[in-house]
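Shown next, in C-alpha cells, is the structure this report addresses.
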Number of protein chains: 2
Amino acid sequence: MTAERDGERTQSQALKAQLALRELILAGALAPGERIAELAMVDRLGLSRTPLRAALLRLEQEGLLEEIPSGGYAVRAFSEADIFDAIEIRGTLEGLAARLAAERGVSAPQLGELKDCVAALEEIVESGEMSADDFARYVPLNARFHALLVDLAQSAPLRREIERATSLPFASPSGFVEAQAILPESRRILIIAQEHHRLVVDAVQNREGARAEAIMREHARLAHRNLQLALRGAGLSKVPGAALIRRRG
Amino acid sequence: MTAERDGERTQSQALKAQLALRELILAGALAPGERIAELAMVDRLGLSRTPLRAALLRLEQEGLLEEIPSGGYAVRAFSEADIFDAIEIRGTLEGLAARLAAERGVSAPQLGELKDCVAALEEIVESGEMSADDFARYVPLNARFHALLVDLAQSAPLRREIERATSLPFASPSGFVEAQAILPESRRILIIAQEHHRLVVDAVQNREGARAEAIMREHARLAHRNLQLALRGAGLSKVPGAALIRRRG
DNA sequence: CATGGCTAAATTGTATACAAGTTGTATTCA
DNA sequence: TGAATACAACTTGTATACAATTTAGCCATG
C-alpha cells in the first residue's frame, strides 16, 4: 500500500498520524499528563481511529505516551532525573558500540568515512565563534558521526536499542546542541566534544575497546552539562519537547 | 474495559492475542521468516483482526516480529551473534543499574531483601547436585534478584530499557538457566553466578559503583557460556524460542 | 453538608465491511 | 521458448458501526 505519487512517497495514514502526533507533543500543544481523546484527535488530524490507534501504540513504545490503566493514553512527563538517566543510558550503549567496533575491527573505507566526518566537524568548530548557521551544519554531521559508529559495531540488536534509546529528543546526541547556540559555554563544550571524536576514532583504529568505550561514555555526559546549562539559562525553550520536562520545585 | 469476573481478571482481547502469539512463536509453531497471515491467525485464535493487529504491532516492538516492507509481519530469526550481542546489551544495562544503585545508595530494608534473595539462592546451590526441582525454585529467585537490583537503581527510564532488552527469552537472565538443568557444567556455572550475586551485593552496600558494574557485566557473560554449551549440547531445545535461532552453517 | 449510589454521557475496545495494494498465474506476443 | 503484461485472487490498510466500560453529574439520604 505504499506507492509513488508525483515523485513523492505516499505514506500510510498510520505513519502520518505518528509523525503529526509526535510533532504536536514535542511542540507542547498537548500538556504532559493530559489524556489524548481519540475522537477529538481524529477530527484534528483528519483520519480515522484505526490508524490513529496504531500511532498511539507506537508512540507509547517510543516513550512519549504512557498507557492509562483504565484505558487510553496520556502524554508522558519527564523529570530532570529521567533525562539525566536517559542520557546516561545512551552513553552506556554508545560506549558498548564503540567497544564492539574496536574489538571487531573496522575496514579502511569505514574508518576513512569516520575520519572525514570528524574532519568536517573540526572545520566548523575551529572556525571560531559558532553562528546559527554553523550549528545548522554541525548537528547533522554530529548525528552522522554517531550513526557511523553504531554501524561499525555490526550489531543489529544494539542498533535497535540505541535507536530506541535516542528516540526521545533529550536523549539524542543532537538533543541539546540546538540549545547551545545561545549559550556562551557552547564553544568550549564543542571543543571538548571534538576532542572526544578524535580520541574515539583513534581508539577504534588501535582496537582499544575499553578506551573507546570510556571515551564515548564521557562524551555523552557533555549532554548532562548542556542539560544543566539549559535548565538554568533560557536555552531550554529551544529544545524540542521542553514542555514535557517537569521542573523540580 | 478491564473487569473482574469469577475472581479472575478478564484480559483484553489484544493482550490475549499478544500472549497467545508469543507462545506460538516461542514454541516454534511458526517458522522464522514466515509471514503471519492475519486472517488465518484470526481463525486460529478466535478473535477479530483489530486486537490481532494491535498484538502484532506490540510483538514487533518487542522484537519477535519484523515488518515486511510490502506490508504485514514475519517471524524474526536470530543469529548466534544476535543473541551474543543481546546478552552483552543486557549485561551492560544491568551493570549500569548496579552502578547507579551503588552510587545512589540503598536503604537497609532494600539491602536486606536483596541479601535474603541471595541467601535463598545460596541454599539451593550449596545443596549439591541440582535436581529439576531445584532449578524450578532457582529460576524465579534469580529473576527476583535481577528485578530487585533494577529497582535499586531508582530509574524509570533504565527500568524500561532493561525490560525491553530482556523481553527476548535468550537475553533474559533466566534464558538459558533451564537449559543448564541437563548440562554437567551447570553446577559449576551456578557456583560462579552465586559468587557474583554475593560480590555485587557487597559492592552496592559499600557504594563501589564501578565494581558493582563490572561484576554485573561479567555475571551476564555467564549466559554466553550457557549459549555455547547449549548450542553444542542438546540443551538448546529446552530454551524457549530455540526454533528462532539460525545456526550458522 | 457530605456521601453514597444511580443514571447518562463520553470514551475506549472490538468486530466487520470496504478500499487499495500486492502477488501469483495465465496468456499473448516477440 | 522466453518475457512481458494483464487479470484475478488474496492480503493488508482504513473507515465505521457496535459493544462494553469508565466517568462525571445528579439526586437522594444519612
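We name chains A, B, ... by the order of the sequence lines, and we start the count at 1 in each one.
- Whole-Å rounding puts the B:L52 CG to D:dT11 P distance at 14 Å.
- Distance CD (A:E34) to C1' (C:dT11): 15 Å, rounded to an integer number of Å.
- Summarising the geometry, the separation between CZ on B:R53 and C1' on C:dT14 is reported as 14 Å, rounded to the nearest angstrom.
- Shown here for A:V204 and A:A98, the closest heavy-atom pair between the two residues is CG2-O, 4.1 Å.
- To the nearest angstrom, C1' of D:dG13 lies 14 Å from CD of A:Q11.
- B:A14 comes within 4.0 angstrom of sugar-phosphate atoms only, judged by non-hydrogen atoms across all strands, and of no base.
- Between the C1' atom of D:dT11 and the CG atom of B:L56 lies a distance of 13 Å, rounded to the nearest Å.
- Considering only the side chain of B:S70, C:dT22 comes nearest among D:dA15, C:dG13, C:dT22.
- Tested against A:D85, the residues B:R160, B:R99, B:R104 include a single salt bridge (charged side-chain N to carboxylate O under 4.0 Å, His left out) partner, B:R104.
- When the C1' atom of C:dA15 is taken as reference, atom CE of B:M41 falls 19 Å away, rounded to whole Å.
- For the pair B:R35 and B:G46, nearest-nucleotide mapping onto DNA chain C gives the more 5' position to B:G46.
- OP1 or OP2 of D:dA15 lies within a sub-4.0 Å distance of a side-chain N or O belonging to A:Q13.
- A donor N or O paired with an acceptor N or O is not found under 3.5 Å between the base of D:dT14 and the side-chain atoms of A:S12.
- Candidate nucleotides C:dT14, D:dT16, C:dT12 were compared by shortest atom distance to the side chain of A:S48, and D:dT16 ranks first.
- Remark: B:R49 is not in phosphate contact with D:dG13, judged by side-chain N or O atoms under 4.0 Å from OP1 or OP2.
- Toward the 5' end of DNA chain D, the nearer of the two residues B:A37 and A:P51, judged by each one's closest nucleotide, is B:A37.
- For A:E38, taking side-chain heavy atoms from C-beta onward, the closest of the listed nucleotides D:dT14, D:dT12, C:dT12 is C:dT12.
- Within the nucleic acid shown, A:I36 comes within 4.0 Å of sugar-phosphate atoms alone, with no base atom in reach, counting heavy atoms only.
- Classified by interplanar angle (parallel below 30°, tilted 30° to 60°, perpendicular above 60°), the ring pair A:H219/A:F145 is perpendicular.
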- Apply side chain to side chain donor-acceptor pair (under 3.5 Å) to the pair A:Q61 and A:R164, showing each step before the final yes or no. CA-CA 9 Å; A:Q61 303 290 332; A:R164 181 161 296 291; 5.2 Å; no
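- Between the CG atom of A:D43 and the P atom of D:dA15 there is a distance of 13 Å, given to the nearest Å.
- The closest donor-acceptor contact from the side chain of A:H224 to the backbone of A:I87 lies at 3.5 Å or more, if one exists at all.
- Rounded to an integer number of Å, the gap from B:L39 CG to D:dA9 P is 16 Å.
- Each of A:L15 and A:I68 lies near DNA chain D, and the nucleotide nearest A:L15 is the one positioned closer to the 5' end.
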